[in-house]
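For the numbers below, each heavy atom of this structure counts, side chains included, while hydrogens, waters and symmetry mates do not. Atoms within each ligand, like the ligands themselves, are counted from 1 in listed order.
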Amino acid sequence: MPDDMVEAHIRGVNNALAAGWRVLERGGPALDAVEEAVVIMEDDETFDAGRGSFLNRDGKVQLDALIMEGSTLRAGGVGCVERLRNPVRAARKILSESPHVYFVGEGAEKFAAEHGIPLCENKELIIPREVERLREYQARLREYQVKNPTLAAKNAARMGHPNALSSSQPTGSEMFAPVDVDDDPTISHDTVGAVALDRDGNIAAATSTGGTLNKAPGRLGDSSLIGCGCYADNQSAAVSTTGWGEPIMKLVLAKWTADRISAGNMPEWSALEAMNYLKQRVNGHGGIIVLDPTGHIGIAHNTPRMAWAYKTVKKQEAGVERAV
Ligand code: ASP
C-alpha cells in the first residue's frame, strides 16, 4: 500500500466498520453486519473489490466473493462474475435462498438477476486508474521477459507468484513476474473482508475481491473458496484472508486458522501463526482477520501493511500496520 493510499484505506475500513456496527447495535445478525461492511468496501474504489478492482489479462473486472454463517455453516459464494457491482449481495442470496453453495460466471449472474439483483455492464466496474495500472504492468512484463527470460521464470517461482513457471506450463509472457513481488509497488492485495459477532453469540465472515492484477480470465483465487479466503463456524472462529490466493488455497488457510482456535489457541496468536505458516510453508504473503465467539480478535499480516479496523463495546481502533 503506497503512502498516498493510506488515508483512503483507513477511511474505507472505518466506513465499513460503521456500517457493520449499525447492524449489530440494533441487535441485527452478524451475517447482515459482514454483508453491509463488505458492500461499503466493494463500493469504495480504493479497494480491489467491486468497482475499481484490478483488471485481468483481458482488461476486464472479474469478481469473487463468499459469505458464511457460523451458527448454521450456511455459505454462499460467487466466482468469476463480471456484471455484479456487489458480488457479496449475490453470495448472500445464494446462502439464504438457494440449496446450493456456489455459483460461477454467467450462472451466478443469472441467479442474482432472478433474485432481484440488478446486473451492470463490465465497463461500469472499470476505472481509469486500473486501466493504466494494467497497461504499465503488461508493458513491464514484456520488457522484463525480453531482457531476462530465465531469471524472470526463476524469480516468479521463488516468490510463489501465481504466474510462476513450472515445467508443464507454456512459456508465454504471462508466465513471468516482472520483478520481485515484494519490491513492486504496483502489486498489492486489496481484497476486502469482515468478521462479526452479534448479541446472540453468532459469528459470520465475508470476503470479496477482484483477484490479482493481470490474472488469467477464469482464474479463481482463495477469497471465495470456503476455508481458504473465508470461513465461519461458531465452534471455532470467523476468518477472512487476503494475499496471493494460490499459496493461501494450498493451505486452506482460513480453516487451518479456525482449527487452531477450536484446539484452544487464542485468535491473536493463531492469526500470527497463520501468517508464519503461510510464509514458511509456501512462501506466501498476505494478511488475516480472526474473531472467535467470545469476542477475541486476531489481526496479522506478513506484508508491510494491511488496513484494518475493529470495534467492540469498549474500544475502537484502525490502522495499516499491526504491532505485534
Ligand atoms: N486473495 C486474492 C486473490 O488471490 C487477492 C487479494 O487478496 O488481494 O484473488
Exercise for the section: Tell me, please, which residues at least two apart from Ile248 pass side chain to side chain contact (heavy atoms under 4.5 Å, CB included). Expected result: Asp222, Thr241, Leu253, Leu278
Quick one: table the atom pairs, ligand 1 N or O against protein N or O, below 3.5 Å, distance rounded to 0.1 Å.
residue: ligand 1; atom: 1 (N); partner: Asp222; partner atom: OD1; Å: 2.6
residue: ligand 1; atom: 1 (N); partner: Ser223; partner atom: OG; Å: 3.4
residue: ligand 1; atom: 1 (N); partner: Gly243; partner atom: O; Å: 2.7
residue: ligand 1; atom: 4 (O); partner: Arg219; partner atom: NH1; Å: 3.4
residue: ligand 1; atom: 4 (O); partner: Arg219; partner atom: NH2; Å: 2.8
residue: ligand 1; atom: 4 (O); partner: Asp222; partner atom: OD1; Å: 3.4
residue: ligand 1; atom: 4 (O); partner: Gly245; partner atom: N; Å: 2.9
residue: ligand 1; atom: 7 (O); partner: Thr191; partner atom: OG1; Å: 2.6
residue: ligand 1; atom: 7 (O); partner: Thr242; partner atom: OG1; Å: 2.7
residue: ligand 1; atom: 7 (O); partner: Gly243; partner atom: N; Å: 2.8
residue: ligand 1; atom: 7 (O); partner: Gly243; partner atom: O; Å: 3.3
residue: ligand 1; atom: 8 (O); partner: Asp190; partner atom: N; Å: 3.2
residue: ligand 1; atom: 8 (O); partner: Thr191; partner atom: N; Å: 3.4
residue: ligand 1; atom: 8 (O); partner: Thr191; partner atom: OG1; Å: 2.9
residue: ligand 1; atom: 9 (O); partner: Arg219; partner atom: NH1; Å: 2.8

Handout entry: Salt-bridge contact Glu136-Arg140 (side-chain N to carboxylate O under 4.0 Å)
Key = no
Problem - Geometric class of the Phe47/His9 ring pair [parallel <30°, tilted 30-60°, perpendicular >60°] - result: perpendicular
Exercise for the section: Please collect all ring pair (Phe, Tyr, Trp, His ring centres under 6.0 Å) contacts where either partner lies in residues 191-232, sequence neighbours excluded, each pair once. Expected result: none
Problem - Under the ring pair (Phe, Tyr, Trp, His ring centres under 6.0 Å) test, residues paired with Phe111 that sit two or more places apart - result: Phe103, His115
Practice task
Taking all non-hydrogen atoms of both residues into account, name the closest pair between Ile297 and Leu291 and its distance.
Solution key: CG2-CD1, 3.6 Å
